Amino acid sequence: MKVFSLVTILLATSLGASQCLADYEQGDFIVRIGWGTVQPDDDSDWLLIDDAVDLPGTRVYVDDGDAATFTGTWLFADHFGLGLLLATPFEHDLDISGLPDPVDPIGALPLGKVPLGSIEHLPPTLTVQWFPVCKESWVQPYVGFGVNFTTFMDEDIDRVAQGYFEDVLGAVSNAGLRLDDSWGLAGELGVDIAFGRDSSWLFNAAVWYLDIDTDARVDFRDRDNNWVRITTDVDIDPWVYSVGLGYKF
């Protein structure tokens with residue numbers, strides 16, 4: 001929230017500035033490299049077996065992940081640019097809670113949070129950015145709105161979950177985990193702080209909110225050689241925080 005407070009103050013100050021030539025002017029490029037962390041504001045529906053049997057009280061949790069981030073801005077007009085967020089894959093552990101206890105599956109005390117698996121994802125995000133500050137300022141806050149595309153990869157089932165599927169649900173094959181790609185809206189706040197008024201090098205801090213909703217499913221064969229599918233809708237909806245260095249061309 002400190003990033004929000006800083007950028008809010010800077011934006012409020014810039015709105016009161018007199019009109020002048022843009023420092024970030026049409027045709028400029030800004031590239032930045034940094035380190036980011038994804039902190040999901042996660043939620044999910046109850047797990048559903050074969051589109052027929054609900055598991056009340058169950059839900060999926062998505063843990064934090066971090067990775068290198070790469071962002072760029074092309075200013076198509078003075079004060080306005082197209083921003084692109086790229087990153088190396090973010091890796092997240094998945095947990096699940098509320099499963100019936102295999103020792104007492106019809107009892108009143110379900111299992112607590114147990115490992116489900118792990119995933120990696122890439123969240124390329126395109127935004128239209130506004131840089132309101134005048135040329136005299138070496139501090140350049142910005143705000144952006146746009147769209148996010150998230151693709152998932154390297155989905156793996158944890159051995160704890162695999163053991164549960166075998167003991168309780170009769171799995172005889174390795175379970176497979178799959179998360180569908182997601183499209184959603186995105187918003188960002190950021191600030192570039194130059195290393196001196198005439199320097200092209202800068203420090204950057206930014207925060208994004210990404211609308212990431214995906215359908216998750218687990219598939220395996222049971223003792224009767226039938227395919228069993230467990231599904232749920234997972235809302236990841238993360239805050240992404242990044243700090244790094246940049247250069248303005």
Side-chain angles (χ1 to χ4, degrees), residues 3 31-48 58-73 82-98 113-129 144-162 165 174-190 204-220 229-244 246:
V3 173
V31 294
R32 312 174 188 88
I33 183 170
W35 193 257
T37 179
V38 172
Q39 299 182 6
D41 183 18
D42 55 331
D43 196 6
S44 78
D45 294 340
W46 293 347
L47 271 64
L48 180 65
T58 54
R59 65 154 293 182
V60 173
Y61 296 86
V62 184
D63 292 340
D64 296 350
D66 56 333
T69 58
F70 309 91
T71 64
T73 297
L82 289 178
L84 179 63
L85 164 65
L86 300 173
T88 57
F90 289 93
E91 183 175 358
H92 301 269
D93 292 327
L94 304 182
D95 299 304
I96 192 169
S97 68
K113 190 185 293 186
V114 297
L116 173 61
S118 63
I119 60 170
E120 292 184 357
H121 83 274
L122 292 172
T125 302
L126 183 67
T127 56
V128 176
Q129 299 172 328
F145 296 96
V147 63
N148 163 260
F149 170 73
T150 297
T151 185
F152 298 90
M153 63 199 74
D154 291 339
E155 301 105 319
D156 292 316
I157 291 289
D158 190 271
R159 62 181 183 178
V160 173
Q162 178 67 34
F165 298 145
N174 289 332
L177 174 64
R178 176 70 179 173
L179 277 71
D180 291 341
D181 294 342
S182 167
W183 287 91
L185 297 177
E188 66 174 323
L189 290 172
N204 174 262
V207 57
W208 294 262
Y209 182 76
L210 308 180
D211 178 21
I212 302 177
D213 301 332
T214 181
D215 292 324
R217 58 186 180 273
V218 175
D219 295 289
F220 55 84
R229 171 165 289 183
I230 303 173
T231 58
T232 187
D233 178 77
V234 181
D235 299 335
I236 301 177
D237 298 342
W239 294 97
V240 182
Y241 302 92
S242 175
V243 294

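These numbers were taken from a predicted model, which means no experiment stands behind them. Note that the numbering runs from 1 along the sequence shown for the chain.
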Asker: Can you list the residues that meet the side-chain hydrogen bond (donor to acceptor under 3.5 Å, both in side chains) rule with Asp95, with sequence neighbours excluded?
Answerer: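 Partners of Asp95 by the side-chain hydrogen bond (donor to acceptor under 3.5 Å, both in side chains) criterion come out as none, since no residue qualifies.
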
Asker: If you measure from CD1 on Ile33 to CG on Asn204, what distance do you get to the nearest 0.5 Å?
Answerer: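 CG of Asn204 is found 12.0 Å from CD1 of Ile33.
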
Asker: Could you state the interatomic distance from CG (Asp211) to CH2 (Trp183), rounded to the nearest 0.5 Å?
Answerer: 13.0 Å

Asker: Nearest heavy-atom pair of Pro40 and Asp64: which atoms, and what distance?
Answerer: CD-OD1, 3.4 Å

Asker: Which pair of non-hydrogen atoms, one from Gly146 and one from Thr127, has the smallest distance, and what is that distance?
Answerer: N-CG2, 3.8 Å

Asker: May I ask you to test the Val114-Ile96 pair for a side-chain heavy-atom distance under 4.5 Å?
Answerer: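 With C-beta onward as the side chain, the pair touches.
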
Asker: Working to the nearest 0.5 Å, report the span between CG of Asp63 and CD1 of Ile119.
Answerer: 10.0 Å

Asker: Output the distance between atom OG1 (Thr88) and atom CG (Leu122), rounded to the nearest 0.5 Å.
Answerer: 8.0 Å

Asker: Just grab all the salt bridge (Lys or Arg N to Asp or Glu O under 4.0 Å) pairs involving residues 180-190, residues at least two apart or on different chains.
Answerer: Asp180-Arg217

Asker: Does Thr125 reach the main-chain N or O of Pro123 with its side chain, forming a donor-acceptor pair under 3.5 Å?
Answerer: yes

Asker: With a 4.5 Å limit on heavy-atom distance, are the side chains of Asn148 and Tyr209 in contact?
Answerer: no

Asker: Classify the angle between the aromatic ring planes of Phe165 and Phe220 as parallel (below 30°), tilted (30 to 60°) or perpendicular (above 60°).
Answerer: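 It falls in the parallel class, under 30°.
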
Asker: Please name the residue in the list Asp235, Thr150, Asp42, Leu179 that meets the side-chain contact (heavy atoms from CB on, under 4.5 Å) test with Ile212.
Answerer: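 Of all the options given, the one that passes is Thr150.
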
Asker: What heavy-atom pair brings Asp158 and Val160 nearest, and what distance separates the two atoms?
Answerer: OD1-N, 2.8 Å

Asker: Indicate the atoms forming the closest heavy-atom contact of Gln39 with Tyr241, along with that distance.
Answerer: OE1-CE1, 3.7 Å

Asker: Output all residues satisfying side-chain hydrogen bond (donor to acceptor under 3.5 Å, both in side chains) with Thr73, sequence neighbours left out; order by chain, then residue number.
Answerer: Arg32, Gln129

Asker: To the nearest 0.5 Å, tell me how far Asp66 CG sits from Ser242 OG.
Answerer: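 Those atoms lie 11.0 Å apart.
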
Asker: Would you say Val234 and Leu94 make side-chain contact, with heavy atoms under 4.5 Å?
Answerer: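 Val234 does not reach Leu94 side chain to side chain.
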
Asker: Mind running side-chain contact (heavy atoms from CB on, under 4.5 Å) on Thr69 and Trp208 for me, showing each step along the way?
Answerer: CA-CA 12 Å; Thr69 58; Trp208 294 262; 5.7 Å; no

Asker: For residues Tyr61 and Ser97, report the shortest heavy-atom separation together with the two atoms involved.
Answerer: CE1-OG, 3.2 Å

Asker: Is there a donor-acceptor pair under 3.5 Å between the side chain of Gln162 and the backbone N or O of Ala175?
Answerer: yes

Asker: Quick check for you: to the nearest 0.5 Å, what is the distance between Asp154 atom CG and Glu120 atom CD?
Answerer: 4.5 Å

Asker: Relative to each other, are the rings of His92 and His121 parallel, tilted or perpendicular (30° and 60° limits)?
Answerer: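 Parallel.
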
Asker: Take a 6.0 Å sphere around CH2 of Trp35 and say whether it holds more than 12 heavy atoms from other residues, nucleotides or ligands.
Answerer: yes

Asker: So which heavy atom on Gly98 is nearest to which on Thr58, and how close?
Answerer: O-CG2, 3.3 Å

Asker: Would you check if Asp213 and Asp237 make a side-chain contact, meaning some heavy-atom pair closer than 4.5 Å?
Answerer: yes

